[in-house]
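One is the number of the first residue; the rest follow in order along the sequence.
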Amino acid sequence: AFGAKFALAQGRTILGDEMGLGKTLEALAMICHLRSEGATHFLVVCPASVLTNWEQEIRRHTRLDDIRRLHGQERGRQLGWWAEQGGVALTTFGTLGSMDIPAIDLAATIVDEAHLAKNPEAKRTQAVRAWLQHSQRALLMSGTPMENRVDEFITLVSHINPPLSDTI
């Protein structure tokens with residue numbers, strides 16, 4: 001409950017803790033809360049290896065039934081449906097950069113394994129940053145937020161709060 005409440009109160013934040021401690025459930029609780037307040041469009045960016053897991057967790061732990069996979073051959077059509085109808089869109093880091101950002105009210109973007117968007121020169125990092133700039137809320141999740149290098153963590157902070165990252 002604390003992680004979900006923290007993410008809601010902060011609006012744009014990093015949730016970093018060890019694997020298996022509930023980051024996905026905290027993100028889903030945040031989405032469900034925002035949905036109950038009338039928000040319609042949510043985006044989850046994750047590695048391809050956990051795309052199916054995200055869909056299963058949404059179905060298992062929520063009543064959200066409007067899930068769109070923006071991945072593979074159907075991503076263009078799914079993107080159009082999601083832009084029109086809303087729901088939770090699931091996509092990968094690799095796919096994110098190949099999609100145009102629709103003119104929608106994006107309530108929240110969740111980036112799972114956010115440490116994969118730590119290199120400011122990488123195309124996937126630039127795609128993540130562009131989508132985050134169009135999102136009201138941002139939740140970057142990582143099990144390794146500070147294990148590597150401080151400058152990599154500063155890059156993550158810059159995705160959600162550029163003025164703060166400039167002071168670190």
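Residues Ala48 and Thr92 come closest through the heavy atom pair CA-CG2, 3.6 Å. Closest non-hydrogen pair, Leu116 versus Pro47, comes out as CD1-CG, 3.7 Å. Between Ser142 and Ala114, the shortest heavy-atom distance links the atoms CB-N, 4.3 Å. Minimum interatomic distance between Ala108 and Met30 (heavy atoms only, all atoms of both residues): CB-CE, 3.9 Å. Among all heavy-atom pairs drawn from Ala7 and Leu139, the shortest one is CB-CD1, 4.1 Å. Heavy-atom minimum distance, Trp131 versus Pro102: CH2-CD, 3.5 Å.
Contacts classified as side-chain hydrogen bond (donor to acceptor under 3.5 Å, both in side chains) and involving residues 46-55 (residues at least two apart or in different chains) are given here: Thr52-Arg69, Trp54-Asp112, Glu55-Arg59, Glu55-Arg69.
Residues that satisfy the ring pair (Phe, Tyr, Trp, His ring centres under 6.0 Å) test with His41, not counting sequence neighbours, are Trp82.
Checking side-chain atoms of Thr40 against main-chain N and O of Gly86 turns up no donor-acceptor pair under 3.5 Å. One N or O on the side chain of Thr125 and one on the backbone of Asn119 form a donor-acceptor pair closer than 3.5 Å.
Atoms CE and CD1, on Met99 and Ile101 in that order, are 9.0 Å from each other to the nearest 0.5 Å. Put simply, NZ on Lys23 and CD1 on Ile110 are 14.0 Å apart, with the number rounded to the nearest 0.5 Å. Between the NE2 atom in His159 and the CD1 atom in Ile154 there is a gap of 12.5 Å [rounded to 0.5 Å]. Here the CG atom belonging to Leu140 is positioned 8.5 Å from the CZ atom belonging to Arg12, to the nearest 0.5 angstrom. Distance check: Ile67 CD1 to Ile58 CD1 gives 4.5 Å after rounding to the nearest 0.5 Å. For the atom pair CZ (Arg137) and CD (Gln10), the distance works out to 10.0 Å, reported to the nearest 0.5 Å.
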Give the C-alpha distance, both sets of side-chain angles, the deciding distance and a yes or no for side chain to side chain contact (heavy atoms under 4.5 Å, CB included) between Gln85 and Asp66.
CA-CA 9 Å; Gln85 299 171 10; Asp66 46 354; over 6 Å; no

Kindly indicate, with the supporting measurements, whether the criterion side chain to side chain contact (heavy atoms under 4.5 Å, CB included) is fulfilled by Thr91 and Arg75.
CA-CA 9 Å; Thr91 195; Arg75 73 176 170 250; over 6 Å; no

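Looking at heavy atoms from C-beta onward, Arg35 lies in side-chain contact with Leu64 at the 4.5 angstrom threshold. Between Val111 and Leu132 the shortest side-chain heavy-atom distance falls below 4.5 Å. Side-chain contact between Leu96 and Leu70 is absent, with no heavy-atom pair separated by less than 4.5 Å.
In this structure, Val128 is a member of the same hydrophobic cluster as Ile104, with clusters built from ILVMFWY side-chain heavy atoms closer than 4.5 Å.
Partner of Thr62 under the side-chain contact (heavy atoms from CB on, under 4.5 Å) criterion, out of Leu25, Leu28, Ile31: Leu28 alone.
Within a 6.0 Å radius of NE2 in His134, other residues, nucleotides and ligands contribute 12 heavy atoms or fewer. The number of heavy-atom neighbours closer than 6.0 Å to CD of Gln73, taken from other residues, nucleotides and ligands shown, is 12 or below.
Using a cutoff of 4.0 Å between basic side-chain nitrogens and carboxylate oxygens, Arg60 and Glu57 are scored as salt-bridged.
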